Structures are given as structure tokens and as C-alpha cells.
Amino acid sequence: MSNATTVLLCGVGGQGTILAADLLAHAALESGYDAKVSEIHGMSQRGGAVTTVVRFGKDPVRSMVSDEGCADCVVSFETTEALRNLPNVREGGYLLVADESIQPLPVLIGRASMPEGACERLAEAGATLIPASQIATEVGSPKSVNVVLLGALATRLDFAQDAWERVIARRVPPKTVEANQAAFRAGLAFAQGAASQRAAAGSDGEGAQRA
């Protein structure tokens with residue numbers, strides 16, 4: 001039986017889903033894991049849904065199959081894609097979601113409508129809601145929502161912070177290194193603070209967490 005961890009990242013085109021998957025995979029490699037990234041599903045142009053799967057483990061990763069209920073974690077850059085990918089989270093898995101909504105292509109062209117009560121439905125599913133856009137803006141890097149979410153994800157993974165930051169320094173455009181590292185640290189700090197608040201309140205970890 002494989003001991004690989006499966007992380008599904010989802011969003012819409014233009015949000016940096018592909019870069020986030022690349023950074024996650026290389027952080028795993030930097031930390032001594034084998035890692036692979038799936039092909040992209042959906043349309044990567046701005047407005048189209050984008051989904052990538054990253055699998056990593058101490059043993060060689062051979063299969064990239066990720067059926068419903070197989071993802072250890074779903075990281076979603078907005079709420080509509082989070083709802084769409086809820087069935088992919090395995091029992092006992094977790095969901096990290098940027099607490100914002102972006103109209104996907106089918107809505108923009110009038111073929112679909114936005115779901116109602118998205119945040120409430122995600123709360124009922126136990127998602128952790130993260131004000132990623134607000135955090136990214138506060139550190140002066142509004143386009144780094146994807147890296148803020150990786151910072152939050154980092155609190156759940158056994159990768160050293162300096163491994164993440166080395167990967168960011170190598171994989172993002174040189175002029176954006178400091179901004180992306182700041183976004184990563186801010187996401188990490190937010191998630192650590194939220195975890196401390198839950199522990200102090202005696203939370204059992206169930207239900208959505210919101211700033």
C-alpha cells in the first residue's frame with residue numbers, strides 16, 4: 001500500500017494554481033520525498049477551472065490516480081471550486097479555502113450561476129477558510145494568494161520552513177522572491193495563530209475557521 005500524500009489544488013485560470021503545485025512538489029523534493037505532479041484538468045486560461053494533483057512520499061510515487069475521496073487535502077483558491085471538489089477529500093482529510101469567490105467561465109458566459117451559501121456549506125463540511133487575498137494585500141503582494149495558501153498548508157506538512165523558502169527563491173521570478181516569501185510567511189503565521197486559538201478554546205478541530 002502506498003504511503004503517498006495526495007494534495008489537490010484547484011482554482012481558476014490566473015490564480016497561480018500551476019505555480020503553487022510546482023512549489024509544493026519541489027518543497028517535497030527538497031525535503032527528501034519523491035514527488036510528482038499530475039497533468040492539468042480543465043482550462044488554464046483566465047476564468048477557466050484549473051485542477052492539479054501533487055503526490056509525494058518517502059517511497060517512489062508511481063500512480064497519479066486520484067479518484068473521489070482520495071485526496072488527503074484539497075487546497076482551493078476560491079469557494080466555488082472548493083465546493084466542486086469537496087467529494088475528492090478523503091474521510092479524515094482536510095480542506096483549505098481562500099475565503100473569496102471568483103466567477104468562473106461558465107458563469108461569465110451565462111451558462112451557470114454562482115452557488116448560494118458557499119461559505120456556509122464549506123463550514124458545514126469542516127473547511128478552514130483563510131482570508132488569503134487580504135493577507136496577501138497586507139504584505140504588499142496582492143497577487144500571491146496562492147503562496148499564502150501554501151504557507152497555511154505548510155503547517156500541516158513535515159517540510160522545514162527554510163526548505164519552502166529556498167524553493168520559492170529558485171522557482172519564482174527574481175523580482176518577486178521577497179514578496180512571495182513574505183506572503184508564505186504570512187500564511188504560515190495566520191494558520192499557526194488560528195491553530196493556537198483553537199487549542200486555547202479547547203476546539204476539537206471540527207467546523208470552519210475564519211479570521
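For the single chain, residues carry numbers from 1 onward in sequence order. Since the model is a prediction, treat every value here as computed from it, not as a measurement.
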### Query
Say you draw a straight line from CG of Asn88 to SG of Cys10; how long is it, rounded to the nearest 0.5 Å?
8.5 Å
#### Entry: Set of residues satisfying side chain to side chain contact (heavy atoms under 4.5 Å, CB included) with respect to Arg166, sequence neighbours excluded
Glu30, Asp162, Ala163, Arg170
### Query
For the atom pair CD1 (Ile130) and CG (Leu96), what is the distance rounded to the nearest 0.5 Å?
5.0 Å
### Query
Which pair of non-hydrogen atoms, one from Ala25 and one from Ala35, has the smallest distance, and what is that distance?
O-CB, 3.7 Å
### Message
I need the minimum non-hydrogen distance between Ser31 and Lys58, along with the two atoms involved.
### Response
O-NZ, 3.7 Å
### Query
Can you tell me how far the OG1 atom of Thr17 sits from the CG atom of Asp22, to the nearest 0.5 Å?
12.5 Å
### From CG (Leu9) to OG1 (Thr51), nearest 0.5 Å
9.0 Å
### Message
For the backbone of Gly93 and the side chain of Asp72, can you confirm whether one donor and one acceptor N or O come within less than 3.5 Å of each other?
### Response
no
### Leu24 and Trp164: CA distance, side-chain angles, deciding distance, side chain to side chain contact (heavy atoms under 4.5 Å, CB included) verdict
CA-CA 8 Å; Leu24 172 57; Trp164 284 99; 3.7 Å; yes
### Query
Can Leu29 be reached from Leu153 by stepping across I, L, V, M, F, W or Y side chains whose heavy atoms are under 4.5 Å apart?
no
### Query
Do Phe77 and Val139 share a hydrophobic cluster (ILVMFWY, side-chain heavy atoms under 4.5 Å, transitive)?
no
### Query
Going through the checks in order, is the side chain to side chain contact (heavy atoms under 4.5 Å, CB included) test met by Phe56 and Leu157?
CA-CA 11 Å; Phe56 55 89; Leu157 302 178; 3.9 Å; yes
### Task
Mind listing the closest non-hydrogen atom pair of Ala154 and Leu188 along with its distance?
CB-CD1, 3.9 Å
### Query
How would you list all residue pairs meeting side-chain hydrogen bond (donor to acceptor under 3.5 Å, both in side chains) that involve residues 152-161, not counting sequence neighbours?
Gln161-Glu165
#### Entry: Stepwise side chain to side chain contact (heavy atoms under 4.5 Å, CB included) test for Leu86 and Leu83
CA-CA 5 Å; Leu86 265 177; Leu83 285 174; 4.0 Å; yes
### Message
Going by salt bridge (charged side-chain N to carboxylate O under 4.0 Å, His left out), name the residues that satisfy it together with Arg121, two or more places apart in sequence or in a different chain.
### Response
none
### Message
With side-chain contact (heavy atoms from CB on, under 4.5 Å) as the test, pick out the partner of Ile168 among Glu178, Gln181, His26.
### Response
Gln181
### Query
Taking atom OG1 of Thr80 and atom CG of Leu122, what is their separation to the nearest 0.5 Å?
9.0 Å
### Summary
Looking only at heavy atoms, the pair that brings Ser76 and Leu149 closest together is O-CD1, 3.6 Å
### Message
Distance check, rounded to the nearest 0.5 Å: Arg90 atom CZ versus Leu8 atom CG?
### Response
13.5 Å
### Task
In sequence, state the C-alpha distance, the side-chain angles, and the governing distance for Leu23 and Leu19, and then conclude on side chain to side chain contact (heavy atoms under 4.5 Å, CB included).
CA-CA 6 Å; Leu23 294 175; Leu19 174 61; 4.0 Å; yes
### Summary
Heavy-atom nearest pair, Gly13 first then Val50, reads N-CG2, 3.8 Å
#### Entry: Donor-acceptor pair, side chain of Gln15 and main chain of Val12, under 3.5 angstrom
yes
#### Entry: Residue pair Thr52 / Ala21: nearest heavy atoms and the distance that separates them
OG1-CB, 3.3 Å
### Query
Under 3.5 Å, side chain of Ser141 to main-chain N/O of Lys143, donor-acceptor pair present?
no
